[in-house]
Amino acid sequence: MRTWLVSFARRGPARYLSHLDTLRAVQRTFARAGVELELSQGMRPKPRLSLPLPLPVGAAADDELALARVTDAAPSARDGLLALQAASPGGLDVIALRESPLRARPQPLRARYACEVRGDAGAVAAAVGAFEEGEPPRVVRRGPKGTKTVDLRRSAGAVSCRATPGGAHLEFEVRYDAGTAARPQEVIEVIADKAGIEPVLHRLRRVEVVFAEAARAQHAPTQRSATT
Amino acid sequence: MLDSSTASRHVFQEDWPPDELEDLLARVVRPGRYVGGEFNLRRKPGIRPRIVLSYPDAYEVGISNPGLQILYELVNDRTPAAAERAYCPLPDMADLMRARGVRLWSLESAEPVAACDLWGFTLPHELACTNVLEMLDLAGVPLHAAERGEGDPIVMGGGPAVADPWPLAAFFDAFFIGEVEGRMAAIVEALGAQTRAERLANLAAVPGVWLPHAAQAGPVERQVFTDFACTPPVERPLVPLVEAVHDRVVIEVMRGCTAGCRFCQAGIWYRPVRERPVDMVVAAAERALAATGYDEVSLVSLSSCDYSGIDEAVRRIRALRPGIRVSLPSLRIDSAATSLAGLAAEQRGSVTLAPEAATQELRERLNKRVDEAQFDEAVRAVFSGGFTGLKLYFMIGLPGESDDDVVGIAAMAAAAARRAKEIARGRARLSVSVSSYVPKPHTPFELEPFAGEATLRRRQALLREAMPRHVRLSLHHLESSLVEATLARGGPGADRLVEDAWRRGARFDSWTEHFDEAAWRGAAAAAGLALGDPAGEGAPWGETGSMAPWHAIVDARVTPAFLEEERRRAAERATTADCRDGVCVSCGVCGAGVEMEVLA
């Protein structure tokens, strides 16, 4: 069994896929490329493929990571890359591939997001300040197991804001090693609420993902701008 | 680390989609259904004629329709035209589009549908009618063909629902009657003319085309694709990236069915039987699996167990790709069929059998040549073969049906449940699905009365009461059946009812959660109808003895004498043999180059 770390970009129509849709599209790309994935054990075997950090629906990304366990019959990394590139749908662009000794799924440490919001840039800037320094911004999540209050500031911060025509460009960081992580939409909703603007994300993009130290050494080369 | 700088595929830039679409997509549920991007998508920018193909339902339903996949591949890969697609936006998206003045766009180019040369709709059933109006309106195309001008696309309808085009006649410039594959090149060529009037005149000369707003003599003969058996099935289908209703390779092994069920419109509409060679089926399955990445192949037709090469095709596909599941959508009621299903999908948990009616007398009226012993044998085979679930499909409201026939459904389910308990012990699940029968044009029952709301409601209650508690009963939404009955045999003027219902808010009528009963009842009342009565001037046709209006437009190739004889035989409980078995039933379809083609 071999492990491939596949770096890919998500753009265009693929931005609007859910995490499961994205996983299925990557899996079908492997099947179309003729690269056989290892199957898990048990009653209902599943291909051993994971995307360590789900992307929100609507988010573009330049450099995402997929970890795939391929069979020994899989081609070389060079041939595998070409086959995956030819087999992937438009918008899901395979950038790079390397064989890795990794066995466990890499743990994300932090990610940086960027988006545009529409409205008064001055009000957005003031709301960003309040997000970072005022009352702790909290959101309540409701699920089948009950409700949960999440303090967004524990995991989200380093928010920057600059004025754009008709609105503002925001960038912020979410940490994944500090308990329950904030969702990008939640960060924007809190800021929009304080700024009195509509909480709609435009051109949401995950700019960068940093993985835990042990893993980072293994796939640092994938964490750079796309070349396609 | 290996990099690539030689991407030959379409690369999307950061500014895709355009701002106005991005703004909508950020606000709707499941935006992935509005953006395309599928595997095997074709892009032919700048090519004319530009044809937009539509299935008037949500993306998840439309992308699963094999007919649209056939047309998409045919137009893009075998004609100089470009085919793009559009589906019906759900109400959340439709509301936003109207509020912001955004027009319906195609998934391939994100360009307005209204700017295409031909807008072709696959019309699957009557409950999609209001969605056609919704799409025309969202595209900014005038609803009525009579109001369209030089800059508007030609709107053309095809598919099984054009067996009676009257309920949509006002909204279409043209209809294609029958199977279009053999005429697509001529249609594309017809679009090359300079003016709209010339293009319509050219289309009128294509066999199978009916222009509702032009004087055309006599009924239009239903077109049969006579090269079906020597034309490979779709081998590079679109593969959706968001979850769809059906997510698998579809290989059409056979077209047509001659079992002769008297209620079945498809059994008439797709005659005669034509079978594809097994070698072609297996090769197509192999290529389609490679092109899609799917792990399941469905060998489809109206009755795949009747395909002469079914056993060989299933065995060869499984031998070629051992991990692949091969499924069959419909099974005959006999043990051989269930054994075949076991071979096709060893891990499949359930199987569906369709007795249609519970008593021998009623089955004979329908020409379902199945008796209780065969049914029992099939149920035994299902559970002995390792299946743990069995679904039985029935109809109520059939011609000649009594309350006893309906209670018989519960008795039949109880017998199957006993057999299941005996063989499969506690693991067996049994469910019964019951829909309401709606008489359809061009069938032997086309002039039979619809059972009506009160009768169907009472019989549904009877079923609920009689059905054993441990059998899961699923009853089809009654109000939808009433609308279906009103439109299925609509005559001239039925289109006014459709438009009125749409203006009152009706759309997505086949979705229980979107069905607007008040809109339909209001529109029917305004037209002086009770929901369930046929719409249109001169209805009901059976009582007046006048010629049914669909026969004035559509010649389905079966003779009136055949339909009348079959209706008479139904009343006498006389069954009619399958013409595949060597006895011609003189239905009138074969001749003039149209023949049954079965494998030797």
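Below, chain A is the first sequence line, B the second, and so on; all start at residue 1. Note that these values count all heavy atoms, side chains included, but never hydrogens, waters or copies made by symmetry.
- For a residue to count as touching a neighbouring chain, one of its non-hydrogen atoms must lie under 4.5 Å from one of that chain's; by this rule B:Asp295 does not touch chain A.
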So A:Trp4 and A:Ser100, side-chain hydrogen bond (donor to acceptor under 3.5 Å, both in side chains) or not? Walk me through it.
-> CA-CA 6 Å; A:Trp4 282 3; A:Ser100 165; over 6 Å; no
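- Of the residues B:Val113, B:Val35, B:Leu138, B:Leu21, the one that meets the side chain to side chain contact (heavy atoms under 4.5 Å, CB included) test with B:Trp105 is B:Leu21.
- Only the backbone of A:Leu201 comes within contact range of chain B, judged by heavy atoms closer than 4.5 Å.
- With 3.5 Å as the limit, one finds no donor-acceptor pair spanning the side chains of A:Tyr113 and A:Glu208.
- One side chain, A:Arg10 or A:Thr22, offers a donor N or O that lies under 3.5 Å from an acceptor on the other.
- Between B:Asp57 and B:Tyr87, the side chains place no donor N or O within less than 3.5 Å of an acceptor N or O (distance only, hydrogens not considered).
- If you measure heavy-atom distances from A:Ala60 to chain B, you find no contacts under 4.5 Å at all.
- For A:Ser18, no part lies near chain B; criterion is any non-hydrogen pair under 4.5 Å.
- Ranked by heavy-atom pairs under 4.5 Å with chain A, the list B:Arg27, B:Glu38, B:Gln13, B:Glu243 is led by B:Arg27.
- Ion pair A:Glu38/A:Arg2 not flagged as a salt bridge, since none of the NZ, NE, NH1 or NH2 atoms sits closer than 4.0 Å to an Asp/Glu carboxylate oxygen.
- If you tally non-hydrogen atom pairs under 4.5 Å between each of B:Asn40, B:Leu289, B:Asp247 and chain A, the highest count goes to B:Asp247.
- Ranked by heavy-atom pairs shorter than 4.5 Å toward chain A, the options B:Ala26, B:Pro17, B:Gly37 are led by B:Pro17.
- Of the residues considered (A:Glu198, A:His202, A:Arg118), A:His202 shows the highest number of contacts with chain B, using heavy-atom pairs under 4.5 Å.
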